[in-house]
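Just so we're on the same page: letters track the sequence lines, and every chain starts at 1.
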Amino acid sequence: MAKIKAIRGMNDILPEQTRLWQFFESKIRTVLGTYGYDEIRMPMVESTDLFKRSIGEVTDIVEKEMYTFDDRNGDSLTLRPEGTASCVRACEEHGLLYNQTQRLWYMGPMFRYERPQKGRYRQFHQIGAETFGMTGPDIDAELILMSARFWRELGIQDIVTLQLNTLGSLAARNDYREALVAYLSQNMEQLDEDSKRRLTTNPLRILDSKNPQTQALLDGAPNLHDFLDQESREHFEALRTLLDRAGLKYEINQRLVRGLDYYGKTVFEWVTDHLGAQGTICAGGRYDGLVEQLGGRPVPAVGFAMGVERLILLIEAAGSVPDNLQQKVDLFVAVAGAGAESEGLLLAERLRSDMQLRIQLNCGGGSLKSQLKRADKSGAPYALLLGEDELLAGKIVIKPLRGQGEQHLVDMAELTAVLKEINLGKGLEN
RNA sequence: GUGGGCGUAGCUCAGUUGGCAGAGCUCCGGAUUGUGAUUCCGGCGGUCGUGGGUUCAAGCCCCAUCGUCCACCCCA
């Protein structure tokens, strides 16, 4: 019989990896907490229309990358390809945007039907932050500074850079799009096939083409910033001043446009050259029009999302994986003999209650030799050895596994005190 | 959807002009009656991705197919 395997592009995250994931998530949560952001959890499945109306009908995501299916009622549902649309829907649906501001974050799997490659999978994970009800560049700056703090906490600050741009108002962008199309149409023969296609679907996307010839052609194209409206220009200048005063380095990239239709004014991307072709680890921007577009009253909004798999890869590439991730237990309890086995089980229970220790009990028997092998593998710094002799004498052996040090035979009654003395359980939080 | 690389033990990989299916790690046992991580000895472990073809003989050559990785496209 053929073995059933995981679906292409959907990965199991195994124990060795989940330790790193938990470290990562806990760092991010802590930082989000220091900025006063609240978690929101949305369903992974939404009405297909939600994404069509927010991301944009002609984007690749909607046209060919969504997992869409009919449920038993015949309604068209879609596995979410991103989080912003769901977040807006949830907030609007529950009145969270009515006369108030919100700072929210979410984390979870997203789904896009693409060919998998390094840092890109069909089920991938994002952590996103979305803010609502704030118009000014101060909240833009806060989000960007918060993301910068993530990288410092994760030890990858030296291998990421911030790209910053403003798209201007919708009207300004439309004017610019016309000018760009006019210019490129005059030079049609120099455009590659992909760009010709984008000329009719999403002309702004041509700006970040990887084709050097196309990029050369763009050097003579009209500049987006020459088309900016006054308000967007001032917003952008104010944001730059805030970032400058905070001492944050960035690079203005007029060709940074983002793939989703709902962005306007501020857009930014954190990129790295350590992940092959998938250089973007975090991206976001302002989407003041989206809430209204989805049927709510106009509410200004800014947010970003980061790719967890890519950041995990980057932490590894930076050599910033903490080395104490291996240690998952404080104490290993080895037992020899039937009487000791049941006594060991009860002892472990008691120590977990009394001392909040992480204890791995030897189950399944085996020689003391093999039990100590397991103890070593568990990563525990100490082992307790309980055999028939100790049981009869009311004593127990405590044996250091890591550094030097002799094992000691202690009275069972003294055990808690001795364990406290050697300071088990310290410095284990990641 | 397009292009290229790679599929051999649980993992990492050797495998010569086509001639008995291999190593290291892991795991189990022993050297040491109840002492790990070092050393030594032994053992478990295989549809060589799958199907077809060529051949006396295929892990190796040919065709197809699936999977995987990387890149294009797109995106976090």
Side-chain angles (χ1 to χ4, degrees), chain A residues 1-3 5-9 11 14 16 55-56 58-66 81-84 107-128 147 192-195 197-198 201-202 205-206 208-211 257-260 268-272 275-284 303-314 332 334-337 340 362 364-391 397-404 406-407 409:
Chain A
M1 201 156 33
K3 277 186 187 166
K5 298 169 67 175
I7 305 302
R8 163 188 279 239
N11 304 120
L14 303 177
E16 196 181 340
I55 297 170
V58 295
T59 56
D60 275 33
I61 292 182
V62 169
E63 277 187 337
K64 52 184 201 191
E65 294 179 0
M66 294 205 305
E82 58 113 31
T84 302
M107 159 166 57
M110 307 292 164
F111 302 85
R112 290 182 200 170
Y113 190 87
E114 304 176 272
R115 285 286 281 266
Q117 68 188 72
K118 188 182 181 71
R120 196 183 69 187
Y121 311 100
R122 288 185 173 181
Q123 174 176 330
F124 63 104
H125 296 77
Q126 286 188 336
I127 296 182
S147 60
D192 58 90
E193 286 307 311
D194 284 326
S195 295
R197 177 175 50 79
R198 283 182 289 213
T201 58
N202 200 342
R205 297 294 304 169
I206 298 174
D208 54 17
S209 164
K210 283 180 184 172
N211 188 321
V257 291
R258 313 291 301 106
L260 287 63
F268 65 93
E269 247 179 52
W270 286 94
V271 298
T272 180
L275 289 183
Q278 256 56 49
T280 304
I281 54 159
C282 173
F304 65 75
M306 52 188 148
V308 177
E309 281 84 355
R310 291 181 188 179
L311 284 162
I312 295 285
L313 287 169
L314 202 53
F332 187 96
V335 287
N362 184 82
S367 63
L368 186 63
K369 180 193 182 76
S370 61
Q371 292 194 38
L372 279 167
K373 278 189 170 185
R374 290 172 202 159
D376 188 60
K377 225 179 115 184
S378 77
Y382 288 89
L384 295 181
L385 314 188
L386 188 61
E388 300 293 349
D389 298 348
E390 288 81 8
L391 208 52
V397 172
I398 178 164
K399 178 182 174 71
L401 295 172
R402 292 284 91 117
Q404 323 306 327
E406 294 297 307
Q407 64 183 46
L409 188 63

Going by modelled atom types, is there a donor-acceptor pair between the base of B:rU35 and the side chain of A:Gln407 at under 3.5 Å? yes
NA contact type, A:Asp60, heavy-atom cut-off 4.0 Å: base, sugar-phosphate, or nothing? sugar-phosphate
Show, in sequence, the C-alpha distance, side-chain angles and deciding distance for A:Val397 and A:Glu390, and conclude whether the side-chain contact (heavy atoms from CB on, under 4.5 Å) test is met. CA-CA 8 Å; A:Val397 172; A:Glu390 288 81 8; 3.6 Å; yes
Give the rounded distance in Å between these two atoms: CZ of A:Arg8 and P of B:rC70. 12 Å
What nucleotide among B:rC73, B:rG34, B:rG36 has an atom nearest to a side-chain atom of A:Glu390? B:rG34
Please give the distance between the P atoms of B:rA37 and B:rA31 as a whole number of Å. 14 Å
Counting the atoms with a prime plus P, OP1 and OP2 as sugar-phosphate, which does A:Arg198 contact under 4.0 Å by heavy atoms, base, sugar-phosphate, or nothing? sugar-phosphate
Over how many whole Å does the gap from A:Lys373 atom NZ to B:rG30 atom P extend? 10 Å
Would you name the heavy atoms of A:Leu386 and A:Ala340 that are closest together and state the gap between them? O-CB, 3.3 Å
Any luck finding a side-chain donor-acceptor pair between A:Gln278 and A:Gln117 under 3.5 Å? yes
In whole Å, measure the gap between the P atoms of B:rC62 and B:rG4 for me. 15 Å
Is any side-chain heavy atom of A:Glu309 closer than 4.5 Å to one of A:Arg120? no
Of B:rA76, B:rC28, B:rC74, the nucleotide closest to the side chain of A:Gln278 is B:rC74
Test of understanding: with side-chain hydrogen bond (donor to acceptor under 3.5 Å, both in side chains), list the residues that count as partners of A:Thr280, not counting sequence neighbours. A:Glu269
Touch class at under 4.0 angstrom, heavy-atom based, for A:Ala283 against every strand present: sugar-phosphate
Can you tell me how far P in B:rG36 sits from the matching atom in B:rC28, rounded to whole Å? 14 Å
Distance, rounded to the nearest Å, where A:Ile55 contributes CD1 and B:rA76 contributes P: 9 Å
Nucleotide nearest A:Arg402 (side chain, heavy atoms from C-beta), chosen from B:rG36, B:rA76, B:rC73: B:rG36
A:Lys369 has its side chain closest, among B:rC74, B:rA71, B:rA31, to B:rA31
Rounded to the Å, how far apart are A:Asn11 CG and B:rU68 C1'? 11 Å
Hey, does A:Gly276 reach any base, or is it just sugar-phosphate, or nothing, if we go heavy atoms under 4.0 Å? sugar-phosphate
Using a heavy-atom cut-off of under 4.0 Å over every strand shown, decide if A:Arg115 touches base, sugar-phosphate, or nothing. base
Checking B:rC73, B:rU35, B:rC74 against the side chain of A:Glu114 (C-beta onward), the nearest is B:rC74
Whether A:Asp376 side chain and A:Gly379 backbone form a donor-acceptor pair below 3.5 Å: no
Minimal heavy-atom distance between A:Arg198 and A:Ile206, with the atoms involved, is CB-CG1, 3.7 Å
Spacing of the P atoms in B:rG59 and B:rU26 (rounded, Å): 30 Å
Could you state the CZ-C1' distance from A:Arg120 to B:rU68, rounded to the nearest angstrom? 15 Å
Sugar-phosphate, base or nothing in reach of A:Glu82, heavy atoms under 4.0 Å: nothing
Nucleotide nearest A:Leu401 (side chain, heavy atoms from C-beta), chosen from B:rC73, B:rG36, B:rC70: B:rG36
Quote, to the nearest angstrom, the P distance that separates B:rU8 from B:rC13. 9 Å
Report which part of the nucleic acid A:Lys5 touches: base, sugar-phosphate, or nothing (heavy-atom distance under 4.0 Å, all strands). sugar-phosphate
May I ask you to verify if any side-chain N or O of A:Gln117 is less than 4.0 angstrom from the OP1 or OP2 atom of B:rC70? no
Exercise: identify the closest heavy-atom pair between A:Trp270 and A:Ser147: NE1-OG, 2.9 Å
P spacing across the pair B:rC63 / B:rG3, given as an integer number of angstrom: 16 Å
Per nearest nucleotide of RNA chain B, the residue lying toward the 5' end, A:Thr59 or A:Glu388, is A:Glu388
Of the options B:rA76, B:rC73, B:rG36, whose atoms approach the side-chain atoms of A:Arg197 most closely? B:rC73
Checking A:Arg122 now: which residues fulfil side-chain hydrogen bond (donor to acceptor under 3.5 Å, both in side chains) with it, not counting sequence neighbours? none
Stems involving RNA chain B, each a run of at least 3 consecutive Watson-Crick or G-U pairs under 3.5 Å: B:1-7 with B:66-72, B:10-13 with B:22-25, B:27-31 with B:39-43, B:49-53 with B:61-65
Close side-chain approach of A:Leu385 to A:Leu372, heavy-atom, < 4.5 Å: yes
B:rA14 versus B:rG49 - spacing of their P atoms, nearest Å: 14 Å
B:rA57 to B:rG10 separation - P atoms, rounded to the nearest Å: 30 Å
Mind checking if A:Ile127 touches a base, just sugar-phosphate, or nothing, with heavy atoms under 4.0 Å? nothing
Which residue, A:Ile7 or A:Ser370, contacts RNA chain B at a nucleotide closer to its 5' end, judged by nearest heavy atom? A:Ser370
Distance check needed: B:rU33 P versus A:Asp389 CG, whole Å only. 14 Å
Closest non-hydrogen atom pair, A:Ile55 against A:Pro81: CD1-CG, 3.8 Å
A:Lys377 side chain: which of B:rG36, B:rG34, B:rC27 is closest? B:rC27
Among B:rA37, B:rU68, B:rC72, which nucleotide sits nearest the side chain of A:Asp376? B:rA37
By the 4.0 Å heavy-atom rule, please label A:Tyr121 as base, sugar-phosphate, or nothing. base
Please report, rounded to the nearest Å, how far the P atom of B:rC69 is from the CG atom of A:Leu275. 15 Å
Counting only side-chain heavy atoms from C-beta out, which of B:rU35, B:rC72, B:rC69 sits nearest to A:Ala277? B:rC72
